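Accompanying notes for the structure given below.
Counting from 1, the numbers follow the sequence of the chain as shown. Computed from a predicted structure; not experimentally measured.
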Amino acid sequence: MAFDDLRDFIAALEKAGELKRITAEVDAALEIAEITDRVSKHKGAENRALLFERVKDSAFPVLTNAFGSMKRICLALDVADLDEIGGRIRELLDPVNFFPGPGAGIMDKIQMLPKLAELSGFFPKTVKKAPCQEVVLTGEQVDLAAIPILKCWPADGGRFITLPMVCTVDPVTRITNVGMYRMQVYDHQTTGMHWHKHKDGARHYQHYEAAGKRMEAAVAIGGDPSIIYSSTAPLPPAIGEYVFAGFLRKKPLEIVQCKTVDVRVPAEAEFVLEGFIDPAERRVEGPFGDHTGYYSEADEYPVFHITAVTHRKNAIYPATLVGRPPQEDAYLGKATERIFLPLLQTVAPDILDMDMPVEGVFHNNVIVKIRKRYPGHGKKVIHTIWGTGMLMLSKFVIVCDEDVDIHDYSEVTWKVMNHVDPQRDVVITDGPLDILDHSCPQIGFGGKMGIDATRKGPGEGFTRPWPDEVKMDPVVRKRVEDRWKEYGF
């Protein structure tokens, strides 16, 4: 069953033994981050969500590491396995099943009605009264110092809001986009807005920048896990995050009109920051200890001016820590890998599966497997990856045959190191890279490598017979398995 809000999710975490309450007083500057870093990297039972109930100089508790394991991300999205959501998407996208052809009978069309009804149930519901507006602060009442915003790493440029849902409205379609862009606190009423140029929020901003007009925005913090996850998802602009959250939770997300700006936000949020961005103003933002495990460089970004803060009476402040993997964002990234595989397969049906290693922080490495059908198929798929949505940022792409378990990195390494001829099978090019990639010669642009680790044949210049893998006789293997305990194991 879908969660109504963040505290509903917290109750479920506690019931599942996945929550640790910390009653000792802690400091939002570095101390919470140090505790969270240790816990998030623990592979045993200590890796739990953390609720810090007493934060120095703040009336609000802090929640971290809420999505920091496969068990918790599945709990958050109400599935036993993340591929369940991908299966729902695949069913919706299947033109054979979803759109009856011209020869379909009346019964075929009637059978589609439940699917159409499900689609209509995804759209958000606007309410007039919302928990996120139980307390309304405007003007000089606005004081970000009252919120326990974390300073995560020693050399960070300041305190950063790390789990914000930045809500902006497309000036053309009027669709609300919700993106997650870190926000450095400058003073009690202004923050940075760290959106990269290929993000939807930045695209909206560029429209206002060209027109020389202020851009209204709102930042929701906390809420139903479905909308928190959706704000991180690489959705196409035509599909709003509110609709996708409704799809994930299988019921509409409730939204409410802000008090001082024309933006609608999740009604069940814990905090909402309302305000505007002036395209004529920029300030230095950063450095920031990022999910690559390195500090990202300081640079100039737009400034967000806060006109109002609204929140629940007993609000909980959720935050995430990013740094050298694995961290909480690793599991959010794995959710995206599994959920969006069917969307990738609509443009690349020859891709059977995909893996984005945590160590590659989800923009540096993509491993796929294909059912190879013709010479050069592997290289074709490499270029398809580089030409598809945000996968364009992939620095390394590895293509394997269909019999390879691409989630077993030892097996992938074995295939690459034995199958690949560097001169024949490696593609080197240049193109767009993630802004956070510190290895490229200029920001956001540099070299990329594709590795075709599939078996080669005569059509690719390989005229020798491809060797068979060494495997035990299956009859003997079965006999040994049946008698395994007799050998003393």
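- Look at R182 and E285 and you find a salt bridge, because one of the NZ, NE, NH1 or NH2 atoms lies within 4.0 Å of a carboxylate O, short of that distance.
- The line from CG of L13 to CZ of F9 is 4.0 Å long, rounded to the nearest 0.5 Å.
- Contact record, L150 with A319: CD1-CB, 3.8 Å, taken as the closest heavy-atom pair.
- Salt-bridge check for D224 with R249: passed, with a basic side-chain N closer than 4.0 Å to an acidic carboxylate O.
- The number of heavy atoms from other shown groups lying within 6.0 Å of CD (E46) does not exceed 12.
- In this structure, OG1 in T168 is found 12.0 Å from NE2 in H207, a value given to the nearest 0.5 Å.
- A salt bridge links R371 to E402: at least one charged side-chain nitrogen sits closer than 4.0 Å to a carboxylate oxygen.
- Residues I398 and V416 form a side-chain contact, since some pair of their non-hydrogen atoms from C-beta on lies under 4.5 Å apart.
- The closest donor-acceptor contact from the side chain of T388 to the backbone of L391 lies at 3.5 Å or more, if one exists at all.
- Among residue pairs with one or both ends in residues 232-243, none qualify as side-chain hydrogen bond (donor to acceptor under 3.5 Å, both in side chains); sequence neighbours excluded.
- Of the inter-residue distances, the one linking D434 atom CG with L393 atom CG reads 5.5 Å to the nearest 0.5 angstrom.
- The shortest non-hydrogen separation linking G289 to D156 is N-OD1, 2.8 Å.
- From I35, atom CD1 reaches atom CG of L321 across 11.5 Å, with rounding to the nearest 0.5 Å.
- More than 12 heavy-atom neighbours from other residues, nucleotides or ligands sit within 6.0 angstrom of CZ on R282.
- The ring pair (Phe, Tyr, Trp, His ring centres under 6.0 Å) search around H438 returns Y294, not counting sequence neighbours.
- Legend: residues meeting side chain to side chain donor-acceptor pair (under 3.5 Å) with K199, ordered by chain and number and at least two apart, are absent.
- For the pair Y181 and P164, the minimum side-chain heavy-atom distance is 4.5 Å or more.
- The backbone N or O of M356 lies less than 3.5 Å from a partner atom in the side chain of E337, making a donor-acceptor pair.
- A salt bridge links K415 with E469; the closest basic N to acidic carboxylate O contact falls under 4.0 Å.
- Looking at E481 and K478, no side-chain N of the basic residue comes within less than 4.0 Å of a carboxylate O on the acidic one, giving no salt bridge.
- The shortest distance between side-chain heavy atoms of D452 and V381 does not fall below 4.5 Å.
- At most 12 non-hydrogen atoms from other residues, nucleotides or ligands lie less than 6.0 angstrom from NZ of K20.
- Distance OG1/T191 to CE/M193: 5.5 Å, rounded to 0.5 Å.
- Judged purely by atom type and a 3.5 angstrom limit, W484 has no side-chain atom pairing as donor or acceptor with the backbone of F489.
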Given the rule in the salt bridge (Lys or Arg N to Asp or Glu O under 4.0 Å) test, do D421 and K456 qualify, once you have shown the distances and angles that lead to the verdict?
CA-CA 10 Å; D421 174 75; K456 303 304 182 297; over 6 Å; no
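- In this structure a side-chain-to-backbone donor-acceptor pair under 3.5 Å is missing from E18 to A49.
- Under 4.0 Å is where a charged nitrogen must lie from a carboxylate oxygen, and between R203 and D200 at least one such pair does.
- Aromatic ring centres of Y331 and F67: separated by at least 6.0 Å.
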Apply side chain to side chain contact (heavy atoms under 4.5 Å, CB included) to residues I351 and L344 and explain how you reach the verdict.
CA-CA 8 Å; I351 292 177; L344 173 62; 3.9 Å; yes
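- Side-chain contact, S439 with D437: a donor N or O sits under 3.5 Å from an acceptor N or O.
- We find that R455 and D403 are joined by a salt bridge, their nearest charged nitrogen and carboxylate oxygen being less than 4.0 Å apart.
- Counting only distance, with no hydrogens or angles, the side chain of D329 and the backbone of L332 share no donor-acceptor pair below 3.5 Å.
- Side-chain contact between T454 and K369 is absent, with no heavy atoms from C-beta onward closer than 4.5 Å.
- Looking at every heavy atom in both residues, L235 comes nearest to S230 through CD1-O, 4.4 Å.
- Atoms CG and CD1, on N65 and I32 in that order, are 12.5 Å from each other to the nearest 0.5 Å.
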Show the numbers, then the answer: is there a side chain to side chain contact (heavy atoms under 4.5 Å, CB included) between H42 and R48?
CA-CA 9 Å; H42 200 281; R48 287 181 280 175; over 6 Å; no
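- No donor-acceptor pair closer than 3.5 Å links the side chain of E328 to the backbone N or O of T320.
- Looking at every heavy atom in both residues, V243 comes nearest to P124 through CG2-CD, 4.1 Å.
- Side chains of S40 and Q327: a donor on one and an acceptor on the other come within 3.5 Å.
- Using a 4.5 Å heavy-atom cutoff, the side chains of D8 and E268 are not in contact.
- Taking 4.0 Å as the cut-off between side-chain N and carboxylate O, D473 and R477 do not count as a salt-bridged pair.
- Look at R174 and D170 and you find no salt bridge, because none of the NZ, NE, NH1 or NH2 atoms lies under 4.0 Å from a carboxylate O.
- Between Y205 and W195, the ring-plane angle classifies as tilted under the 30° and 60° cut-offs.
- A donor atom on one side chain and an acceptor atom on the other are not found under 3.5 Å apart for H204 and N177.
- Defined by atom type and a distance below 3.5 Å, a donor-acceptor pair is missing between the side-chain atoms of E359 and N365.
- P441 approaches G446 most closely through the heavy-atom pair CD-CA, 4.2 Å.
- Contact between K448 and S394 at its shortest, heavy atoms only, is NZ-O, 3.0 Å.
- Between F288 and Y295, the ring centre distance reaches or exceeds 6.0 Å.
- Two residues are said to be in side-chain contact when any heavy atoms from C-beta on lie closer than 4.5 Å; P318 and L6 meet this criterion.
- The pair K251-D4 meets the salt-bridge criterion, with a side-chain N (NZ, NE, NH1 or NH2) lying under 4.0 Å from an Asp/Glu carboxylate O.
- Not a single donor-acceptor pair under 3.5 Å links the side chain of W386 to the backbone N or O of G431.
- Of the charged side-chain nitrogens involved, at least one lies within less than 4.0 Å of a carboxylate oxygen, so that E460 and K372 count as a salt-bridged pair.
- Not one N or O on the side chain of R264 forms a donor-acceptor pair closer than 3.5 Å with the backbone of I255.
- Relative ring orientation between F244 and F247 is described as parallel, the plane-to-plane angle staying below 30° on a 0-90° scale split at 30° and 60°.
- Contact of the V427 side chain with the K379 side chain is registered, since non-hydrogen atoms from C-beta on lie closer than 4.5 Å.
- For the side chain to side chain donor-acceptor pair (under 3.5 Å) test with R338, the passing option among D81, D355, D83 is D83; the others fail.
- With salt bridges taken as basic N to acidic carboxylate O contacts below 4.0 Å, none links D37 and R324.
- Here E84 does not pair with R88 in a salt bridge; the nearest charged N to carboxylate O distance is not below 4.0 Å.
- At a threshold of 4.5 Å between non-hydrogen side-chain atoms, the residues L341 and D353 count as touching.
- Ring centroids of H419 and W414 are separated by 6.0 Å or more, keeping the two rings apart.
- One N or O on the side chain of N47 and one on the backbone of G68 form a donor-acceptor pair closer than 3.5 Å.
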